[in-house]
Amino acid sequence: MYYPYFLAYMISGFVISLIVLIWALRNGQFKDQQRARFLPLEEGLETEPAKVSKIGKIEAYALIVLASLGLFGTAATLIFSLLKGG
Amino acid sequence: MSSPEPEMPKTYKTAKAFCLTSAGWFTMATSAGMIGAGYLIAPDFMANIEWIHFGRIRPIHVNINLFGFVTPGLLAAAFYFLPRLLRTELYSEKLGIVSCVLWNIYVFAGVVGIGLGYTQGREYAELAWPVDILVGISFGLVVFNLLMTVRQRKEPILYVSIWYACAAVLLTATTYCIGNVIWRPDTGALLGIPDAIILWFYGHNVFGLLLTPLGLAVAYYVLPLVSRSPLYSHTLSLIGFWSLLVVYTHIGTHHLLQVPVPTWLKVIAIVDSVAMVIPVMIFLINIWYTVKGKLGVIYADIAGKFIFTGTIMYFFVNIQGSIMSLPQVQRVTHFNNWVVAHAHLGVLGFAGMTALGGLYYILPKITGKPLYSRFLADLQYWFVLIGVVGFTIGLTIAGLIQGNAWINGEALYRVLPEIHIYYVARASTGLLVAIAAYLGLYNVIRTLFFNPGVSR
């Protein structure tokens, strides 16, 4: 009998999430979202930015090529699986 | 409540301790992985050494990766950015150190226990009951420290990384105890199908409610800093956070679609798995728009490079997850090496790379000196990337061969020789990841303790 464990966990999770959400609403966590966007930048820009290099750009392009191949591979896997498993 | 000048923590001892923990266990995790890969190539490899035979070395590898390498790496970054974003100090560095020591004790105890045969035999929940209790206490201490830091904050608004980091440890502390059935110390399990259901409920959440939110927290913190751009939309990031909580918690049963579990549970699992596209795309659109046009800058920074690559892996692993939950697709892709590829893409490709990026971001900040060797970190990046891509390609092909053979009713002994070459390829690329781990440990130790760099 797994229902009691599941239900207890799901209900407690739901209730806790709801309490936190209500707290966040009342506490103004969803206001001033414009300022929230800048919070990491407000305290963290204490060093010079790293210099852009040609190798870095090549690395970025290599990653894009890899990602494109990955997309192709994922699509091929999906088609193969649907043909075989469907 | 807010102040113009942030009050910075002084020591970062906890962040340093978790950095070292992560880098150290990464070497152990990959070494165990190499031994496991060796068994798959030659089953009699180290056959007479009982404590590292395949049935033990595989859970050792998995548990070290999960609890020794990735989670501490992400926590190290969290222990750094939480106080900074909240403009306060960590509630207790002493408590942080205690939790880190306890963390290492439980990982060590878990590894030794599994090596000696003390296992509960449930995937991702192998650790013996006393170790489960230590895990619960360690997570509890981390939760307490982080929440008390939030409580004493001087910044009223909680940035999205805070939400994700706190939710990750809080939810996992609970999920771990339930999934490991800690109220039954003798077995750590329920009986029959209900145990499979609760195990996979935990098994998926230990990734989805621990590594995912912690990884996203680190990405949301580091990438705006590296690209020097504000987050594209904080509102969108919060919608992503709450939708992840709603959707992710019930998808574990998609690993049991070919098992006699109740249909309603399968339907929930499939629907929520497909719905995962919502929080995932919210995060990706948000973070990619944040760094839009700044790929050169991202790639000039070692932390940015690791974490941006992690976001790409996150895209792929989640698309795979959603697709795999469809029963038609799963008939071919489940119960074979396709899932192993998926797991490596998620744990090493997304969460592992993000953890490494987090480490490389905070190391210069917490030591006050530049990274010991940017070259070694770059080398590590490429070794890990080639390793992950190699795993994914090789194991996906092997998995599809196995799935195809299963549907065709072919005998196992005919399939194994067909996939042998992919096991060799996996071990070869795995060797690169293992080398990368040792390079990383050397770099971290030199940066922390023997760094000749000029203090900033």
Side-chain angles (χ1 to χ4, degrees), chain A residues 1-3 5-6 8-10 12-14 16-17 20-21 24 27-47 49-64 66-67 69-71 73-74 76-78 80-86, chain B residues 6 81 84-85 87 155-161 171 174 178 190 194 197-198 201 221 224-226 228 230-235 238 242 245 249-250 295-301 305 308-309 312 316 319-320 323 327-333 338 364 385 389 392-393 396 400 403-404 407 456:
Chain A
M1 183 67 176
Y2 58 92
Y3 291 94
Y5 307 121
F6 251 53
Y9 181 72
M10 287 164 82
S12 61
F14 179 72
I16 292 168
S17 302
V20 175
L21 184 68
N27 196 252
Q29 291 301 325
F30 302 110
K31 294 177 183 169
D32 209 0
Q33 292 294 294
Q34 208 45 31
R35 186 175 153 262
R37 294 173 57 217
F38 289 85
L39 280 178
L41 301 178
E42 280 181 13
E43 50 77 37
L45 296 179
E46 60 212 15
T47 52
K51 286 179 183 169
V52 179
S53 69
K54 201 175 177 182
I55 292 176
K57 283 185 178 173
I58 293 169
E59 283 181 313
Y61 287 129
L63 185 70
I64 291 168
L66 267 179
L69 290 173
L71 263 182
T74 307
T77 305
L78 176 63
F80 175 77
S81 303
L82 285 174
L83 287 175
K84 289 298 292 187
Chain B
F81 68 66
R84 295 183 74 90
L85 285 169
R87 296 174 192 277
E155 166 57 56
I157 293 185
L158 301 180
Y159 183 67
V160 64
S161 296
L171 289 167
T174 320
I178 292 177
L190 302 177
I197 294 172
I198 207 160
F201 163 77
Y221 177 72
L225 277 167
V226 170
R228 301 186 165 236
L231 185 63
Y232 176 67
S233 168
H234 195 261
T235 312
L238 290 182
W242 288 101
L245 286 195
T249 39
H250 317 120
L295 216 49
V297 180
I298 292 287
Y299 258 76
D301 186 285
K305 192 163 143 175
F308 181 75
T309 307
I312 303 224
F316 280 111
I319 291 294
Q320 281 188 340
I323 291 172
Q328 289 83 350
V329 176
Q330 197 171 111
R331 277 179 209 134
V332 180
T333 58
W338 192 93
L385 182 61
V389 172
T392 308
I393 295 172
T396 298
L400 292 178
N404 188 46
I407 284 179
R456 288 200 293 241

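Here is how names work: the chains are called A, B, and so on, in the same order as the sequence lines, proteins then strands, and each is numbered from 1.
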Which atoms of [X] are under 4.5 Å from chain B, going by heavy atoms: the side chain, the backbone, both sets, or neither?
X     : result
A:K31 : backbone
A:L21 : both
A:I16 : neither

Measuring heavy-atom distances to chain A, does [X] have an atom under 4.5 Å in its side chain, in its backbone, in both, or in neither?
X      : value
B:F316 : side chain
B:T333 : side chain
B:I157 : both
B:I298 : neither
B:L158 : both
B:T396 : side chain
B:I319 : side chain
B:V389 : side chain

Subject >> Verdict with reasoning, A:L78 to A:T74, per side-chain contact (heavy atoms from CB on, under 4.5 Å) >> reply: CA-CA 6 Å; A:L78 176 63; A:T74 307; 5.8 Å; no

**OP:** Heavy atoms only: give me the nearest B:I312-A:A67 pair and the separation to one decimal.
**Re:** CG2-CB, 3.9 Å

Original post:
Near A:F80 CZ, under 6.0 Å, is it more than 12 heavy atoms from other residues, nucleotides or ligands?
Top reply: yes

Original post:
If you draw a 6.0 Å radius around OH in A:Y61, do more than 12 non-hydrogen atoms from other residues or ligands fall strictly inside?
Top reply: no

Which residue out of [options] racks up the most heavy-atom pairs below 4.5 Å with chain A?
options                        : value
B:L238, B:V297, B:V226, B:V160 : B:L238
B:Y159, B:Y299, B:F308         : B:Y299
B:L245, B:T392, B:T249, B:I323 : B:I323
B:L295, B:D301, B:T235, B:L385 : B:T235

Original post:
Which residues pass the ring pair (Phe, Tyr, Trp, His ring centres under 6.0 Å) test with B:F81, sequence neighbours left out?
Top reply: B:Y221

Subject >> Nearest-0.5 Å distance that lies between atom CD in A:Q29 and atom NE2 in B:H234 >> reply: 8.5 Å

**OP:** With rounding to the nearest 0.5 Å, note down the distance linking CG in A:L82 to CZ in B:R331.
**Re:** 10.0 Å

Subject >> Non-hydrogen side-chain atoms of B:L400 and A:S81 separated by less than 4.5 Å >> reply: yes

Subject >> 4.5 Å side-chain heavy-atom contact, B:W242 and A:S17 >> reply: yes

Subject >> Any donor-acceptor pair under 3.5 Å from A:E59 side chain to B:G296 backbone >> reply: no

**OP:** Determine the option with the most heavy-atom pairs under 4.5 angstrom with chain B, choosing from A:G56, A:A36, A:G28.
**Re:** A:A36

